[in-house]
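This report refers to the structure that appears directly beneath it.
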Amino acid sequence: MNKLMQVYELLFERFGKQNWWPVSSNNKEFEVCVGAILTQNTAWTNVEKAIKNLKENNLLSKEAIAKVNVKKLANLIRSAGYFNQKAKKLKEFASFDGEVTRENLLNIWGIGPETADSILLYAYNRPTFVIDAYTKRIFSRLGRGEKSYEELQEMFMKNLPENYRLFNEYHALIVRLAKEHCRTKPECGNCPLNNVCQTGKLNI
DNA sequence: TACCAGGTCCTCG
DNA sequence: CGAGGACATGGT
């Protein structure tokens, strides 16, 4: 088994299934996209309140967001932070009509690599590995130094089977590890990766 | 109180 | 390119 799969197994053994994306509705695709935009550099708990507001105002659909006044939208998503920017981002996304590809998503104002990959993976079940600040932090500690988004993504995708369920679960487990152990100030006691971190065993 | 949270855009060298 | 600043609320 390769090293990245070893890490996955260790995380899964400890934390189990994470059940991302944490939304449920008959409009899952669009709701996941909204969540992916709203959670940019923001705690998910703040995003949940914004999504609740949107739902209560019947604004959790592409058509409704494309139509609504941007100031009203901004006010409803206030809790998610950067609300003026994010209101504009939501409207830009809602007025996009093209084919859902990574390249097309990246051409939408407000959608960068992580949001594009999150949408592809979590809304459309495309096998794209999502890299975030947590992934960068954890794997720079496991290995040696920072890697770029593209470098890290390539490392995962060349060394893992192309399986959206695996990518989905792996990214969620990375977030879990970052919150509970591999924090800004690391708490290494009892970390599930203790035996492979800083021992040279992984050498990622 | 200060720092952090599932980033992206814009500007400047 | 890459670094640096702006964007903003809510929890600890």
Side-chain angles (χ1 to χ4, degrees), chain A residues 7-8 11 15 17-24 28-54 70-96 102-126 128-141 145-154 156 164-187:
Chain A
V7 169
Y8 175 78
L11 294 177
F15 297 125
K17 200 161 171 7
Q18 298 302 297
N19 294 313
W20 271 30
W21 194 280
V23 293
S24 61
K28 179 175 182 271
E29 274 179 18
F30 188 76
E31 188 169 335
V32 169
C33 296
V34 168
I37 290 169
L38 291 182
T39 199
Q40 290 173 359
N41 205 38
T42 298
W44 181 253
T45 49
N46 293 350
V47 175
E48 284 181 318
K49 295 168 190 159
I51 289 184
K52 185 164 175 282
N53 282 340
L54 294 177
V70 69
K71 286 199 159 182
K72 177 181 177 185
L73 184 58
N75 195 45
L76 289 171
I77 64 170
R78 178 172 289 275
S79 69
Y82 310 129
F83 49 84
N84 290 313
Q85 284 195 351
K86 284 177 179 175
K88 184 182 171 196
K89 290 177 182 183
L90 288 179
K91 287 187 71 65
E92 292 284 337
F93 179 73
S95 61
F96 166 73
R102 191 171 198 269
E103 189 186 355
N104 284 343
L105 289 174
L106 288 175
N107 280 329
I108 301 172
W109 186 89
I111 299 198
E114 184 185 339
T115 307
D117 287 331
S118 292
I119 288 173
L120 290 168
L121 179 62
Y122 287 101
Y124 292 93
N125 291 336
R126 310 269 181 84
T128 307
F129 207 94
V130 176
I131 306 298
D132 60 5
Y134 292 153
T135 315
K136 288 180 182 164
R137 183 161 79 211
I138 290 170
F139 286 86
S140 72
R141 287 174 179 167
E146 293 281 336
K147 288 191 164 81
S148 71
Y149 191 103
E150 306 297 339
E151 284 174 322
L152 261 181
Q153 187 178 52
E154 190 177 310
F156 283 99
Y164 78 89
R165 295 173 198 277
L166 172 65
F167 290 2
N168 177 322
E169 199 59 40
Y170 205 152
H171 180 245
L173 287 166
I174 284 171
V175 172
R176 181 78 181 269
L177 180 74
K179 285 179 172 170
E180 296 190 12
H181 297 280
C182 211
R183 310 159 79 97
T184 310
K185 189 174 179 221
E187 293 175 14

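Below, chains carry the letters A, B, ... as their sequence lines are ordered, and counting in each starts from 1.
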What's the [atom1]-[atom2] distance between [X] and [N], to the nearest Å?
X: Ile37(A); N: dT8(B); atom1: CD1; atom2: C1'; answer: 11 Å
X: Asn41(A); N: dG7(B); atom1: CG; atom2: C1'; answer: 5 Å
X: Leu105(A); N: dG7(B); atom1: CG; atom2: P; answer: 17 Å
X: Lys89(A); N: dT8(B); atom1: NZ; atom2: C1'; answer: 5 Å
X: Glu151(A); N: dG2(C); atom1: CD; atom2: P; answer: 9 Å
X: Gln85(A); N: dA8(C); atom1: CD; atom2: C1'; answer: 9 Å
X: Arg183(A); N: dA5(B); atom1: CZ; atom2: P; answer: 9 Å
X: Ile108(A); N: dC9(B); atom1: CD1; atom2: P; answer: 10 Å

Review point. Do the side-chain N and O atoms of Thr115(A) and Lys89(A) include a donor-acceptor pair separated by under 3.5 angstrom?
Key: no
**Study point:** Gap in Å between the two P atoms, one belonging to dA8(C) and one to dC10(B), rounded
**Key:** 14 Å
Select base, sugar-phosphate, or nothing to describe what [X] touches, counting heavy atoms under 4.0 Å on all strands.
X: Tyr82(A); result: base
X: Glu114(A); result: sugar-phosphate
X: Ile111(A); result: sugar-phosphate
X: Lys86(A); result: nothing
X: Ala133(A); result: sugar-phosphate
X: Leu106(A); result: nothing
X: Gly81(A); result: base

What nucleotide, of [options], holds the atom closest to the side chain of [X]?
X: Gln40(A); options: dA8(C), dC10(B), dG7(B); answer: dG7(B)
X: Thr115(A); options: dG11(C), dT8(B), dT9(C); answer: dT8(B)
X: Pro113(A); options: dT8(B), dA8(C), dG10(C); answer: dT8(B)
X: Arg137(A); options: dC10(B), dG7(B), dA5(B); answer: dA5(B)
X: Ser79(A); options: dC4(B), dG10(C), dA8(C); answer: dG10(C)

**Study point:** Over 12 foreign heavy atoms within 6.0 Å of CD, Glu103(A)
**Key:** no
**Study point:** dG7(B) phosphate, OP1 or OP2, under 4.0 Å from Lys136(A) side-chain N/O
**Key:** no
Review point. Residues in side chain to side chain donor-acceptor pair (under 3.5 Å) with Asn41(A), at least two apart?
Key: Tyr82(A)
Review point. Is the centre of the Phe167(A) ring less than 6.0 Å from the centre of the Phe156(A) ring?
Key: no
Practice item. Would you kindly compare Ala43(A) and Trp109(A) by the position of their nearest DNA chain B nucleotide and give the one closer to the 5′ end? Key: Ala43(A)
Review point. Starting at the 5' end of DNA chain B, which residue's closest nucleotide do you reach first, Ala36(A) or Gly110(A)?
Key: Ala36(A)
Exercise for review: Could you tell me whether the side chain of Glu169(A) and the main chain of Gln18(A) form a donor-acceptor pair under 3.5 Å?
Suggested key: yes
Practice item. Select from Thr42(A) and Thr45(A) the residue whose nearest nucleotide in DNA chain C is closer to the 5' end of that strand. Key: Thr42(A)
**Study point:** Cationic N near anionic O, under 4.0 Å, Lys136(A) to Glu146(A)
**Key:** no
